[in-house]
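To start, the structure under review is shown below, and the notes come after it.
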There are 2 protein chains.
Amino acid sequence: MSTIGKALSLLDTLSRLDKEVGLTDIARLCSLDKATARRFLVELEKHGFVEQDADSRRYRIGSAPVRLARIREARYPFLRVAVPFIKTLAESSAETVHLSEFSGGRLSTIHVEDPPRAHRIIVDVGSILPFHATASGLAFLAFCPPREIDAALQKPLEKFTDHTVVDPELIRGLLEETAARGFSISHQGLEAGVISAAAPVRAPDGRPVGCVAVAAPLSRTTKTAIHEFGAQAIAAANAISEKYYGSERLTGTSPKTRRRD
Amino acid sequence: MSTIGKALSLLDTLSRLDKEVGLTDIARLCSLDKATARRFLVELEKHGFVEQDADSRRYRIGSAPVRLARIREARYPFLRVAVPFIKTLAESSAETVHLSEFSGGRLSTIHVEDPPRAHRIIVDVGSILPFHATASGLAFLAFCPPREIDAALQKPLEKFTDHTVVDPELIRGLLEETAARGFSISHQGLEAGVISAAAPVRAPDGRPVGCVAVAAPLSRTTKTAIHEFGAQAIAAANAISEKYYGSERLTGTSPKTRRRD
DNA sequence: AGCTGAGGTTCAAATAATGAACCATAAGCG
DNA sequence: CGCTTATGGTTCATTATTTGAACCTCAGCT
């Protein structure tokens, strides 16, 4: 792997910890030599991507990404475009609606709207959504090129609940269903007692960039209701995509869909 | 320079352009070979730091920084902490108040509060504040270690208006004044007709991390008023620092102020 | 004192980055 | 149409950077 890749992986690892860590720890977590980790950290620090606490000497994410994110968001205000649709859906469905974005090989939650009622599903912003065990993950994968599906299913698949599907062939079945009807359903895949439906937000080239998902308590959710949520998620996802990518057509399969292969 | 540094500089360069650019352009702007620039871009793209438009093949900032920024902000919500103080100051001073943050070697505007009156100074979020020509820049530099002041003053100093001070020795004088009274004044340094006062927000180790600045039309601002703004900026900056860094002491010069030297 | 584990540094050896030259494609033009 | 000149993208021998075992230093602990 390139040096740049390793340094960015270190940054990624650092970002996934919930506390600041010391040099030795971060080196171990990244399987890097201490000296190497240190050089990376120094270099990343020079550019503001990490910060070292002056007292504890531990490292944390720096402020450079904040600046970059502001610029990116100023030009591509994905959240600002998407949030109103998520809000509307949370109101009309009266369930928790969350939006995820694919970044750095993972699908992570970038916004959550809680419905105006007490008994609801809690989803945290920033949480990572496993591809095989969440509605969002399935919805995302189902619209990916086959090669990426294969790659995702070759990795070890964690069994989060008794209901988590971990057999790659069964998952392929779910993905086909999802592709056919346009939305996915996760029946207690990540947490017991929770059912979700999700639809992908797709870029003009057809590639998914994230997902809209409705999560509801299993106890009060009928089969009809979850299908209705799925249909609403598709509508919201398409609306976001259309608004975000402007007048560019969502042309199913455009001549320039793929870059190389 | 290390490979990582070069790649991050490329990212920085890309972030400073107001439009997407092609491979040849970005290579030229970074003084890199085309092949090298391409490898960097591919590597950065793998990790979501840049994106390539599928049609135009041009590159732009990706979504990874957005994710990192969310994490950083979730743990260190600098803006959320600072904004209320900026708002209060904008109301009490009845002038535009802006907050800047040091990142990647530059001071950039991260928040602006407009006062509730028609005739006011406009400052854009995201704008870069030159060290020698703005109140924020001077306030920041004045509390930096001497080595960084030297470094900043060795670079070419652009003359933005007839009043911009570009003589390094005169600037050193301004910095001493600033350090002595705790806030800086910029008299039409960046734009004609504008006077500003700024104070640094400092980390517990004493290093400035950003600045609070009040910007007013020169025409209605007396010497007394600008000094009053300066004093209020100091108060706001210190309040932000105290709230952001928690109970840690702002100990003037702690034993561990510097990392090496 | 002596031990342990932290952060941080060194320098010969190993490896990855480099860039001139290359190809492919598209647009402009006589 | 063929030529020119852009663009994005790729190759591979050369070269410079990265690497990591061993090292140092400091703080806390026995």
Side-chain angles (χ1 to χ4, degrees), chain A residues 1-14 17 19-47 49-62 204-205 254-261, chain B residues 1-14 17 19-47 49-62 203-205 207 248 251 254-261:
Chain A
M1 190 195 263
S2 75
T3 309
I4 296 166
K6 279 179 267 185
L8 295 180
S9 293
L10 183 153
L11 195 60
D12 190 68
T13 301
L14 189 62
L17 304 169
K19 52 172 180 51
E20 299 175 22
V21 282
L23 173 60
T24 306
D25 285 337
I26 190 79
R28 183 174 38 76
L29 287 165
C30 299
S31 309
L32 290 171
D33 186 86
K34 213 156 42 104
T36 303
R38 169 127 232 283
R39 263 178 300 106
F40 287 177
L41 286 164
V42 167
E43 208 60 40
L44 288 165
E45 189 177 28
K46 269 188 200 159
H47 292 262
F49 285 82
V50 307
E51 271 176 15
Q52 185 181 33
D53 189 280
D55 290 326
S56 72
R57 304 236 146 171
R58 286 206 276 254
Y59 296 89
R60 58 168 176 256
I61 298 293
D205 63 2
S254 80
K256 280 191 180 174
T257 293
R258 44 208 60 245
R259 298 158 196 222
R260 20 184 176 152
D261 291 49
Chain B
M1 192 196 265
S2 76
T3 309
I4 297 165
K6 279 179 267 186
L8 295 179
S9 293
L10 183 153
L11 195 60
D12 190 71
T13 301
L14 188 62
L17 304 168
K19 52 172 179 51
E20 297 174 25
V21 283
L23 174 60
T24 306
D25 285 337
I26 191 78
R28 185 174 36 77
L29 287 165
C30 298
S31 309
L32 290 172
D33 186 86
K34 213 159 41 106
T36 302
R38 172 130 227 284
R39 266 177 299 106
F40 286 178
L41 286 164
V42 167
E43 208 60 40
L44 288 166
E45 189 177 27
K46 269 188 202 160
H47 292 262
F49 285 82
V50 307
E51 270 176 18
Q52 185 181 33
D53 189 280
D55 291 326
S56 71
R57 304 237 146 170
R58 286 205 276 254
Y59 297 90
R60 59 168 175 257
I61 297 293
D205 65 0
R207 287 188 67 97
E248 298 182 43
T251 47
S254 80
K256 278 191 181 172
T257 295
R258 46 206 59 244
R259 295 155 197 225
R260 16 183 181 155
D261 290 53

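Reminder, nothing fancy here: chain letters follow the sequence lines and each chain counts from 1.
Contact check for E45(B) versus F40(B): no side-chain heavy atoms found under the 4.5 Å cut-off. Contact check for L8(B) versus I4(A): no side-chain heavy atoms found under the 4.5 Å cut-off. Within the 4.5 Å cutoff, the side chain of I61(B) has no heavy atoms near those of the E51(B) side chain. At a threshold of 4.5 Å between non-hydrogen side-chain atoms, the residues T36(B) and R39(B) count as touching. Under the 4.5 Å side-chain criterion, counting only non-hydrogen atoms from C-beta, R57(A) is not in contact with L23(A).
Atom-to-atom distance recorded for F49(B):CZ and E43(B):CD is 11.5 Å, nearest 0.5 angstrom. Atom CG of residue L14(B) and atom CG of residue L41(B) lie 7.5 Å apart, to the nearest 0.5 angstrom.
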Discussion item. So if I define the base as every atom that isn't primed, P, OP1 or OP2, how would nucleotides 3-8 of chain D read as a B/S/- string at a heavy-atom cutoff under 4.0 Å?
Written reply: ----SB
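Across the protein-nucleic acid pair, E43(B) atom CD and dA16(C) atom P stand 12 Å apart, rounded to whole Å. In this entry the distance linking CG of L10(B) with C1' of dA17(C) reads 15 Å, nearest Å.
Every residue two or more places apart in sequence or in another chain that forms a side chain to side chain donor-acceptor pair (under 3.5 Å) with E20(B) is listed here: Y76(A), R60(B).
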Each nucleotide N or O in nucleotides 15-20 of chain D that has a protein N or O under 3.5 Å away: list the pair and distance.
from, atom 1, to, atom 2, distance (Å)
dT18(D), OP1, T3(B), N, 2.7
dT18(D), OP1, T3(B), OG1, 3.2
dT19(D), OP1, K6(A), NZ, 2.6

